[in-house]
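Worksheet: one structure, shown below.
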Amino acid sequence: MDWLVSIAEFLVNEILSQPAYLIGLITAAGLIALKKSAGQIVGGAIKATLGFLLIGAGATLVVGALAPLGEMIQGATGAHGVIPTNEAIVGIAQEQYGARVAWLMILGFAISLLLARFTPLRYVFLTGHHMLFMATLLTMVLAIAGQSSWVVVVVGGVLLGILLVSLPAFAHPWTKRVTGNDSVAIGHFGTAGYIAAGATGQLVGRRSRSTEEMDLPEGLRFLRDSMVATALSMVLIYLIMSLVFLAKVGKEEAFKAFGESGAAGASGVGDYVMQSVMQGLQFGIAVAVILFGVRTILGELVPAFQGIAQKLVPGAVPSLDAPIVFPYAQNAVLVGFISSFVGGLVSLGLLAWIFHPAFGLALVLPGLVPHFFTGGAAGVYGNATGGRRGAAVGAFVNGVLITFLPALLLKVLGAFGDENTTFGDADFGWFGTLVGYAAKTGETGGVVLMLLTGAAVLVGAIVVQKRVVETGWDPGARRDALLPPDPPRATENAPAADGAPISYAKIAPPRGAPKPPPPPDTGA
């Protein structure tokens with residue numbers, strides 16, 4: 001019998017406890033279930049494994065790139081500053097919690113399919129990288145609070161499953177306003193920011209025209225490349241902080257920021273400035289490596305999950321990544337990005353002036369990537385209900401949320417709060433903080449409080465689905481009634497003439513946007 005015990009120990013300790021191998025095995029199982037060929041199964045499993053290893057390699061680069069910046073921020077401001085980057089904090093956490101993250105993510109997705117099958121919340125969350133991010137966050141806050149491994153996986157999996165079907169339901173009235181149909185939902189953990197932006201648009205933009213009736217410079221569209229946006233963001237932040245640090249502490253002390261293992265660091269002001277530029281570029285490379293690793297994993301996992309979901313949840317609404325709404329209002333994306341970034345800067349000032357001294361909240365620096373993706377999507381939601389003013393003010397509110405919520409989240413991340421990075425999107429902040437404080441109340445009390453929190457979210461989502469989504473409530477209907485009609489225009493069936501149909505200034509689905517499913521064939 002000893003050989004059986006040895007085999008079991010080998011499988012558990014050397015394979016199942018190694019996240020990279022575990023992800024590969026899960027991918028292989030999914031591909032087998034989809035009846036793929038042997039070559040596709042082996043290739044997919046290896047690619048997923050390599051992708052996980054890439055995340056670890058990128059995390060090492062991230063830590064190296066952020067270390068000097070953290071020293072500069074602390075030296076220049078006397079405060080602890082962080083840059084929210086989901087990929088970075090997930091990569092850092094994988095080494096310690098990778099196996100639990102993998103099991104939690106699989107269990108959470110399975111529970112979400114069951115909930116989608118047997119509740120009115122027929123949303124299948126297909127944004128795989130955000131599934132991974134939330135699984136990592138839940139693992140971290142539960143483990144840091146001292147919860148046992150089984151509680152981390154089981155309770156965390158239940159909470160993840162609830163979020164995957166509930167948050168798309170909360171946002172769906174505004175998502176339908178954006179898309180004009182029920183064929184797609186938002187599957188991204190910036191949901192609180194999108195709802196806030198849509199609600200803000202209702203308040204401030206009742207007579208405001210759509211952003212799509214204005215022209216924006218083409219020169220800003222290069223920021224759609226996330227690697228470029230990340231690198232530019234970090235270069236600018238590094239340059240600003242390095243110059244402030246240099247002015248405050250002097251050359252001798254500032255030059256040491258780039259020294260390693262007792263090395264002298266920068267040799268002069270020019271070298272110091274260019275090393276700051278290089279560190280910013282290195283951060284961009286690090287995030288690109290992590291992103292490539294995540295995409296490599298999910299390029300194999302998501303198709304398997306999607307195929308299984310289609311079989312288990314007939315009639316499901318796919319919940320997709322935030323950029324799914326970008327084509328509906330492309331100008332709103334840029335307006336939203338800029339406004340969200342301004343909101344982040346204003347919030348940073350408030351943190352430095354009031355909330356850090358009074359409550360010990362960390363300084364959260366605005367990064368271009370989270371502000372572009374969540375701010376851009378918030379701009380689309382704000383524009384759908386409030387036109388230009390809605391896009392600008394709604395995205396500004398999103399910028400405030402994704403600055404203050406990560407600062408609160410750091411309070412429950414323990415030692416990971418010292419990593420100079422954290423989770424960036426709104427839902428990570430509010431849900432992670434709630435669960436983190438609940439988990440700290442002890443194993444029994446913590447489990448009860450966490451499950452009650454999840455139950456409240458689930459019940460709230462079901463109520464919204466039944467009483468708001470299915471009743472057809474339109475959050476922008478009042479704005480449509482207040483807007484003046486567009487001039488009559490010629491159409492294929494109605495040439496321009498007196499009595500031609502009048503169209504109103506709503507957002508029309510662009511070419512290539514998701515289309516609603518065809519009506520059922522009644523045989524008539």
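Starting from 1, each residue takes its place in the sequence as its number. Since the structure is predicted, the reported quantities are computational estimates derived from the model, not experimental observations.
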Taking it one step at a time, do I186 and Y381 satisfy side-chain contact (heavy atoms from CB on, under 4.5 Å)?
CA-CA 11 Å; I186 193 74; Y381 277 80; 3.4 Å; yes

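- With contacts defined as side-chain heavy-atom distances shorter than 4.5 Å, the pair N86/H129 does not qualify.
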Step by step, work out the side-chain contact (heavy atoms from CB on, under 4.5 Å) result for V435 and L142.
CA-CA 8 Å; V435 171; L142 268 64; 3.4 Å; yes

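- M450 and A438 get closest at one heavy-atom pair: CG-CB, 3.8 Å.
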Applying side-chain contact (heavy atoms from CB on, under 4.5 Å) to F416 and T421, what does each step give before you reach the verdict?
CA-CA 8 Å; F416 285 92; T421 187; over 6 Å; no

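- Side-chain contact between L409 and L137 is present, with heavy atoms from C-beta onward closer than 4.5 Å.
- No hydrogens or angles considered: a donor-acceptor pair under 3.5 Å links the side chains of Y123 and Q465.
- Considering all non-hydrogen atoms of both residues, L281 and A231 come closest at CD2-CB, 4.1 Å.
- Here CG of L121 is found 6.0 Å from CG of L458. Values are rounded to the nearest 0.5 Å.
- Residue L410 holds its CG atom at 8.5 Å from OG1 of T433, rounded to the nearest 0.5 Å.
- Heavy-atom minimum distance, A88 versus I290: CA-CD1, 4.1 Å.
- Residues L351 and A407 approach most closely at CD2-CB, 4.4 Å, considering heavy atoms.
- For K411, the salt bridge (Lys or Arg N to Asp or Glu O under 4.0 Å) criterion is met by no residue, not counting sequence neighbours.
- Looking at T200, its side chain never comes within 3.5 Å of a backbone N or O of V393 through a donor-acceptor pair.
- Note that CZ of R122 is 13.5 Å distant from OG of S319, once rounded to the nearest 0.5 Å.
- Between F125 and F189, the ring center distance clears the sub-6.0 Å criterion.
- Rounding to the nearest 0.5 Å places CG of L365 at 5.0 Å from CD1 of I83.
- Using a distance-only test at 3.5 Å, with no hydrogens or angles considered, no donor-acceptor pair links the side chain of R388 to the main chain of T211.
- At least one side-chain heavy atom of T85 sits less than 4.5 Å from a side-chain heavy atom of F283.
- The aromatic rings of F326 and F373 lie parallel to each other, with less than 30° between the two planes, well short of the 60° mark.
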Test side-chain contact (heavy atoms from CB on, under 4.5 Å) on M72 and S276 and set out the steps.
CA-CA 11 Å; M72 291 176 183; S276 298; 4.2 Å; yes

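- The two residues A135 and M105 make their nearest non-hydrogen contact at CB-CB, 3.8 Å.
- The CZ atom of R389 lies 11.5 Å from the CG atom of L203; values are rounded to the nearest 0.5 Å.
- The shortest side-chain heavy-atom distance between V82 and P406 does not fall under the 4.5 Å cut-off.
- Two residues are said to be in side-chain contact when any heavy atoms from C-beta on lie closer than 4.5 Å; I111 and L160 fail this criterion.
- Side chains of Y437 and V141 form no contact here, defined as non-hydrogen atoms less than 4.5 Å apart.
- The backbone N or O of V468 lies less than 3.5 Å from a partner atom in the side chain of T471, making a donor-acceptor pair.
- Judged by distance alone, the side chains of T191 and D427 do bring a donor and an acceptor atom under 3.5 Å apart.
- Side chains of L243 and V273 form a contact here, defined as non-hydrogen atoms less than 4.5 Å apart.
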Would you sort out whether D425 and T374 count as a side-chain hydrogen bond (donor to acceptor under 3.5 Å, both in side chains), showing the intermediate values?
CA-CA 7 Å; D425 302 334; T374 69; 4.7 Å; no

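- Every ring-ring contact (aromatic ring centres under 6.0 Å, His included) that W473 has, sequence neighbours left out, goes to W174.
- For S112, the side chain to side chain contact (heavy atoms under 4.5 Å, CB included) partners are F109, L164, V165, not counting sequence neighbours.
- Heavy atoms only, all atoms of each residue included: P84 and G424 are closest at CB-CA, 3.4 Å.
- Aromatic pair H188/F133: ring centres not closer than 6.0 Å.
- No side-chain donor-acceptor contact under 3.5 Å links N398 to the backbone of A378.
- Put simply, CG on L361 and CG on L350 are 11.5 Å apart, with the number rounded to the nearest 0.5 Å.
- Residues F396 and V346 form a side-chain contact, since some pair of their non-hydrogen atoms from C-beta on lies under 4.5 Å apart.
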